[in-house]
Novice: 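Below you will find the structure I want to go over with you.
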Amino acid sequence: MEGDTFPDVTLADAAAMEHRAQTAPLRNENNDLIKDTFVVLRPKHKRFHVTRNQVILTFLVVLLVLIVAILVTAFVTRSQCDVTCGDCQGSQSGSLISGLPDPGSSNTGTSANSLNNFHKSTAHGNKSYPWTGIRLPRDLIPKQYEIRIKIDLTNFTYEGAVNITVNVNTSTKYVIFHRSLIDINESLIRIASNCTPEVKVVHQFQVPDKNFHVLELDRELDTGRNYTVVISQYTGNLTSNLRGLYLSSYFTRTHEKRYLSASQLQATDARKAFPCMDEPDMKAVFKLTIVYQTNYTALTNMPAKVTTRLNSDWLMTEFDETPVMSTYLIAVVVSDFKYRNFTFDNDVRYELKIWAREEAYSQTEHALNFSVETYKFFTDYFGMQDVVRKADHIAVPDFSSGAMENWGLVVYRETSLLYDRHVSSSHNKFTVTLIVAHEIAHTWFGNMVTMKWWDDLWLNEGFASLLMYLAMDHVYPQWNVFAIQVVVEIFPVMVKDALTTSHPVSSPIADPEDIPQHFDTISYSKGMAVLRMVMDFAGAENFRKGVSNYVQKYKFKNAEMSQLWDTFSESFNYTFDIAKIMDTWTRQMGYPVVTVVDNGDHFLLTQKRFLLDQTLVNGDDQESPFGYKWYIPFTYVTQEAPYDKKTIWLNLGSATIPKTGKGWLLGNYEFVGFYRVMYDKTMWGMFADQLMRNHTVFPEANRAGLIGDAFTFARANVLDYDVALNLTRYLEKEQSYIPWEAFHHSIEFLRGMLAESDAYVQLQMYLRKLVGPVFEVVGASDRGELPERYLRRVILSMACDVGVENAVIYAKTMFDNWMKHDTPLPPDLSMLICSVGIREGGAAEWDFVWQRIKSTEVAAEGDMMMESLVYTQKSWLLWRYINWVFDSEKIRSQDVRVVISYFSKTPWARMVAVNFAMSRWDDLVREFGQDQFLLREVIPEVTNYINTEFNLKQFEAVFKANTPRGASKSVDNALALIRANIGWMRANYNNIKQWLNTHNP
């Protein structure tokens, strides 16, 4: 195309300008000549002349049009954003996959060298910025996470990318999220949105003590808008610390070591698996993608949507989006396990699977069968189905706690899920059943509805602990689980709650570092006990209605304790002011003792706080908002109407009951209330006589309760030990497990306290007198329902401990046949048989059992044999054993606290444990200080029966020099208990010795 086809623009030449001036000069309104400038447009044949003013005018018009166009475009875009851009993550957030290296490459993450190039910085200054608080600000609320994690079980690393879509609650120029023990490529962090101009990150830094990562932006984010925080690369190492994403392993039958990756994110360890806003009320939906090696299976909370083979070595599975949930409930497991399954054909297809390593697959049958019935029960109880369409329950070889209720993927240690009827005891079956029911209950109470913050942890755990018994009672009514509950859960927690170092069920938690200390029996067992009390006085059906209404009302939300009580009051038709009643049980620690006084024509009931150390009774009333007074639903029966339960309320004070006849009045019927009852000596004598005449007049739980209360009062020096011991004389006729377990629990304290005294021999003689006749009746068979098996176990155990000859001969003979001829042991009696064999034997027997531990494929059998090893009388074997806790090849990290707890079983082992704890405390803290549970659970096991000033001073010095923050409450409890033990010895030793001398033949 030729160039002169179009006009050519040049300035007019001088001749043309002169000609224009001469022929038609321009003048202004005053007739003055003015200058003008010409632009000559030269087409091929004609010229066009345009003045400077015309050029300026044209330019202004064009500029005005452009401005108008821009404004219109911006307005239209903004309007579209208002209508359609509720989620502004869009194209700018990019693909998670593109943010990582080739998934199939051998490089699973940024190398250690390149990590050194990542930007590392810390907080600046001491001003009051959003990151100065312990908790995250609520300026940004997470809505959705897109997470992609690549897990490499060859190099033991993981690498990920995260998109966090947030909604702006309050305008801010800071984005704050949690991270811990992961490296983030900070140069790849950006803020994305389709709806606004680009937001730039101008500065970022970490606040290490709070696990905060702070992004400072170039401008504030707009209130009400959604933005996406794009974190394109982070990396971490798979270690065996059992927190966050961690490494586990096991050996096959052919001694091949296999690896797997599992997770434990509660309470604050989601931040170790991926950057997130890691607080329970920061709920969001999650879309996970897992990249893993081809010889494994990846599991997470939701069903798999699509699996893609990336190459010969790697697979990638995308999972469905979760419902709205908390970060601590996310779970990831990559393993080569097998599963047993069941499909529910409900309105929505629901798949239940029980996973285990291949060698343990046969042990999953009980868990599956019970889980099927439990899901059905809770679906009916709550009146709603689980909203996640599947439930995987998986037993991993290494796990820090018993189990974790991750929604859709519940993770257990093996002894909590697996049961082998040929090897495992009835106690193992009970434990598996209880834990599975507990975790399934969390589906509704904890997962669907979650506490707002960890100070109401008990809302999760207390309810799950009660609901699990409802499910068990539904499936196994013959087990009598509510009576068992009294002796295995309520009695032990009442001992702890009678110390001034206890804490309220609902306790303020200002610092996340204090959270692990509240995963204790107060949150679980006391929480369960006070809720059971509500269920009793409100009625079981009203209680079910209240729980169901609460879950329906706060589904996918977070709730506080006051909202639960309001829902209950409404559900109970305002018959009770639940908040007013229950605040006295949840907002102050401890519990009351109700004293019953016979005043002639009526019984007077009074209340006060019960403490094991009575010197402190009036020492700290100011700490309670209620002055340590309670609203008590006092239930009772009388001798003339022993089955007619009645209730009277003590409303922060006293009450009276008119007398209608002579005889005893028994309080706390079925031991449903979380309180103890004190009587005068005459009444205690009536109870002892009634037990001797016909003990079955009292329910099992009350026979246990009388023994438990009496021995606890005697321990607190408010009742003579001869009164408590007189109640036990009837036990030679008792053939129910519940009272015997209460006696066993009570007498263990005496045995522990007297173990190094002359009175110990007399105590053993008295126990032999009681248990011998019962052993002759119940025998050593391995038959019957669970309560009968439990009775036989406790009787044979006590008989062997106190030297009943026939019992010892039986156990030793069974052990010898097992060792020499591989004769199988009866599962329910295997523990006591092994303990007797170890106690009566030497190194050969000990080493034989250790080798069997290494070869067993049943975790419960291994645990049983590990416990039996502490019964040896050889001190060098005990020292070798307890020092193995530092050798993970011999004792897994998850088993350390369990093994140390075994050393509380015998006087000789306790002595070794005490010296070990004092001499190697610093080593324990260094090795296990990061474990949320280990040290705080080990401390009471080691110190429970210490009763000398010498040992007290030693432990005070040890703990003062080095106590991890997470174990501080356990240390305080332990020292308080030791001081109480010292006082107990001074007050009671001589009286007990005298009573035993009188009642022994």
Side-chain angles (χ1 to χ4, degrees), residues 486 490-491 493-495 497-500 529 533 584-585 590-600 602-618 621 627-639 646-657 659 663-691 698-699 701-728 739 742-743 745-746 749 980 983-984 987-988 991:
V486 171
I490 296 177
F491 282 0
V493 75
M494 293 185 93
V495 172
D497 205 29
L499 301 174
T500 58
M533 188 166 60
T584 65
W585 295 97
Y591 57 88
V593 52
V594 176
T595 301
V596 179
V597 178
D598 188 342
N599 276 357
H602 69 275
F603 293 104
L604 174 65
L605 311 180
T606 60
Q607 64 166 293
K608 68 176 180 179
R609 181 187 182 188
F610 176 72
L611 288 172
L612 278 176
D613 189 345
Q614 289 292 300
T615 64
L616 302 173
V617 166
N618 298 315
D621 285 0
Y628 291 110
K629 299 294 182 181
W630 289 262
Y631 288 96
I632 305 172
F634 185 82
T635 57
Y636 66 95
V637 295
T638 61
Q639 185 168 347
K646 296 181 180 180
T647 303
I648 187 170
W649 284 84
L650 281 71
N651 297 322
L652 302 180
S654 60
T656 59
I657 299 175
K659 289 180 70 173
W664 45 258
L665 179 146
L666 178 71
N668 201 4
Y669 190 68
E670 295 278 12
F671 215 93
V672 172
F674 196 73
Y675 54 87
R676 297 188 186 276
V677 185
M678 170 63 86
Y679 309 91
D680 58 33
K681 268 199 169 184
T682 301
M683 189 78 75
W684 283 113
M686 291 182 183
F687 291 143
D689 292 343
Q690 180 66 66
L691 289 170
F698 300 139
N702 281 114
R703 302 200 299 268
L706 286 170
I707 293 171
D709 280 355
F711 274 91
T712 303
F713 292 145
R715 180 175 174 179
N717 301 316
V718 295
L719 186 69
D720 292 337
Y721 259 101
D722 59 353
V723 174
L725 289 166
N726 278 335
L727 291 173
T728 68
F743 174 66
H745 180 268
S746 299
F749 174 76
W984 183 91
N988 296 293
N991 291 337

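Just so it is clear, the model here is predicted, and its values are computed rather than measured.
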Novice: Could you measure the distance from the CG atom of Leu665 to the NZ atom of Lys646? Nearest 0.5 Å is fine.
Specialist: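 It is 10.0 Å, given to the nearest 0.5 Å.
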Novice: Could you check whether the rings of Tyr721 and Phe711 sit parallel, tilted or perpendicular, using 30° and 60° as the cut-offs?
Specialist: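 Ring orientation, 0 to 90° scale: perpendicular.
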Novice: Could you check whether the rings of Trp585 and Trp630 sit parallel, tilted or perpendicular, using 30° and 60° as the cut-offs?
Specialist: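 Trp585 and Trp630: tilted rings.
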Novice: Look only at the side chain of Asp680 and the backbone of Met683, and say whether a donor-acceptor pair between them is shorter than 3.5 Å.
Specialist: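 Confirmed, Asp680 side chain pairs with Met683 backbone.
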Novice: Just to verify, what does Arg715 make a salt bridge (Lys or Arg N to Asp or Glu O under 4.0 Å) with, not counting sequence neighbours?
Specialist: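 By the salt bridge (Lys or Arg N to Asp or Glu O under 4.0 Å) rule, Arg715 matches no residue at all.
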Novice: Is there a side-chain contact (heavy atoms from CB on, under 4.5 Å) between Phe674 and Asp497? Walk through the geometry before answering.
Specialist: CA-CA 11 Å; Phe674 196 73; Asp497 205 29; 3.6 Å; yes
Novice: Tell me whether Asn702 contacts the main-chain N or O of Glu670 through its side chain, where contact means a donor paired with an acceptor under 3.5 Å.
Specialist: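 A pair under 3.5 Å: yes.
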Novice: Any sub-3.5 Å donor-acceptor pair from Arg609's side-chain atoms to Tyr628's backbone N or O?
Specialist: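 Checked: no pair found.
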Novice: How about Thr595 and Tyr679: do any of their side-chain heavy atoms sit closer than 4.5 Å?
Specialist: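 A side-chain contact under 4.5 Å is absent here.
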Novice: Could you check whether any side-chain heavy atom of Trp649 comes within less than 4.5 Å of a side-chain heavy atom of Thr647, counting everything from C-beta outward?
Specialist: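 Yes, at least one pair of side-chain atoms sits under 4.5 Å.
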Novice: One pair to check against side-chain contact (heavy atoms from CB on, under 4.5 Å): Leu719 and Trp684. What are the steps and the verdict?
Specialist: CA-CA 10 Å; Leu719 186 69; Trp684 283 113; 3.7 Å; yes
Novice: Assess whether side-chain contact (heavy atoms from CB on, under 4.5 Å) is satisfied between Tyr631 and Leu650, documenting all intermediate values.
Specialist: CA-CA 6 Å; Tyr631 288 96; Leu650 281 71; over 6 Å; no
Novice: Would you say the side-chain atoms of Asn991 and Asp722 include a donor-acceptor pair closer than 3.5 Å?
Specialist: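 On atom types as modelled, these side chains do not qualify, holding no pair under 3.5 Å.
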Novice: Ignoring hydrogens, what is the shortest heavy-atom contact between Asn726 and Ala688? Give both atom names and the distance.
Specialist: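 Nearest pair, atom of Asn726 first, then Ala688: O-CB, 4.3 Å.
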Novice: Measuring only between side-chain heavy atoms, which start at C-beta, is Phe634 closer than 4.5 Å to Ile657?
Specialist: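 Side-chain contact under 4.5 Å: yes.
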Novice: List the residues meeting salt bridge (Lys or Arg N to Asp or Glu O under 4.0 Å) with Asp598, not counting sequence neighbours, and say none if there are none.
Specialist: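 In terms of salt bridge (Lys or Arg N to Asp or Glu O under 4.0 Å), with neighbours along the sequence ignored, Asp598 is linked to Lys659.
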Novice: Could you report the tightest heavy-atom contact between Gln607 and Pro592, atom names first, then the distance?
Specialist: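 In this case the closest contact between Gln607 and Pro592 is OE1-CB, 4.3 Å.
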Novice: With heavy-atom distances below 4.5 Å as the criterion, would you say the side chains of Leu499 and Leu611 are in contact?
Specialist: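 They are not in side-chain contact.
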Novice: When rounded to the nearest 0.5 angstrom, what is the spacing between CZ in Arg703 and CD in Gln690?
Specialist: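 So the gap between those two atoms works out to 11.0 Å.
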Novice: Give the ring-plane orientation class for Trp664 versus Phe687, where under 30° counts as parallel, over 60° as perpendicular and anything between as tilted.
Specialist: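 Tilted, since the angle between the ring planes falls between 30° and 60°.
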Novice: Under 3.5 Å, is there a donor-acceptor pair linking the side chains of Arg676 and Tyr591?
Specialist: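 Note: Arg676 and Tyr591 side chains meet the donor-acceptor criterion.
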Novice: Should the pair His745 and Phe491 be assigned to parallel (<30°), tilted (30 to 60°) or perpendicular (>60°) ring geometry?
Specialist: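 The rings of His745 and Phe491 sit tilted, inter-plane angle from 30° to 60°.
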Novice: For the OG atom of Ser654 and the NZ atom of Lys629, what is their distance to the nearest 0.5 Å?
Specialist: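 Separation between the atoms: 9.0 Å.
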Novice: Within the side chain of Thr635, is there an N or O that forms a donor-acceptor pair under 3.5 Å with the backbone of Tyr669?
Specialist: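 Checking the backbone N and O of Tyr669 against the side chain of Thr635, a donor-acceptor pair under 3.5 Å is found.
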Novice: Which heavy atom of Gly663 sits nearest a heavy atom of Gln639, and at what distance?
Specialist: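 So the minimum-distance heavy-atom pair works out to CA-OE1, 3.0 Å.
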Novice: Does Asp613 form a side-chain contact (heavy atoms from CB on, under 4.5 Å) with Thr500? I'd like the steps, not just the answer.
Specialist: CA-CA 8 Å; Asp613 189 345; Thr500 58; over 6 Å; no
Novice: Would you say that Met678 contacts Val594 through its side chain, given a criterion of any heavy-atom pair below 4.5 Å between the two side chains?
Specialist: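 Counting from C-beta outward, Met678 and Val594 never come under 4.5 Å.
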Novice: Kindly give the heavy-atom pair with the smallest separation between Val486 and Ala701, and that separation in Å.
Specialist: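 Between these two residues, the closest heavy atoms are CG2-CB, 4.3 Å.
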Novice: List the atom of Ile648, the atom of Tyr636, and the distance in Å for their closest heavy-atom pair.
Specialist: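 Distance-wise, the nearest heavy atoms are CG2-CE2, 4.2 Å.
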Novice: Heavy atoms only: give me the nearest Gly673-Asn668 pair and the separation to one decimal.
Specialist: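 Gly673 and Asn668 have their closest heavy atoms at N-OD1, 2.7 Å.
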Novice: Side-chain contact test, heavy atoms from C-beta onward, threshold under 4.5 Å: evaluate it for Leu612 versus Thr712 and give yes or no.
Specialist: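 Side chain of Leu612 against side chain of Thr712, heavy atoms only: contact under 4.5 Å found.
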Novice: Would you indicate whether the side-chain heavy atoms of Tyr675 and Phe610 approach each other to under 4.5 Å?
Specialist: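 The answer is no; the side chains never approach within 4.5 Å.
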Novice: With heavy-atom distances below 4.5 Å as the criterion, would you say the side chains of Ser746 and Ile707 are in contact?
Specialist: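 Ser746 reaches Ile707 side chain to side chain.
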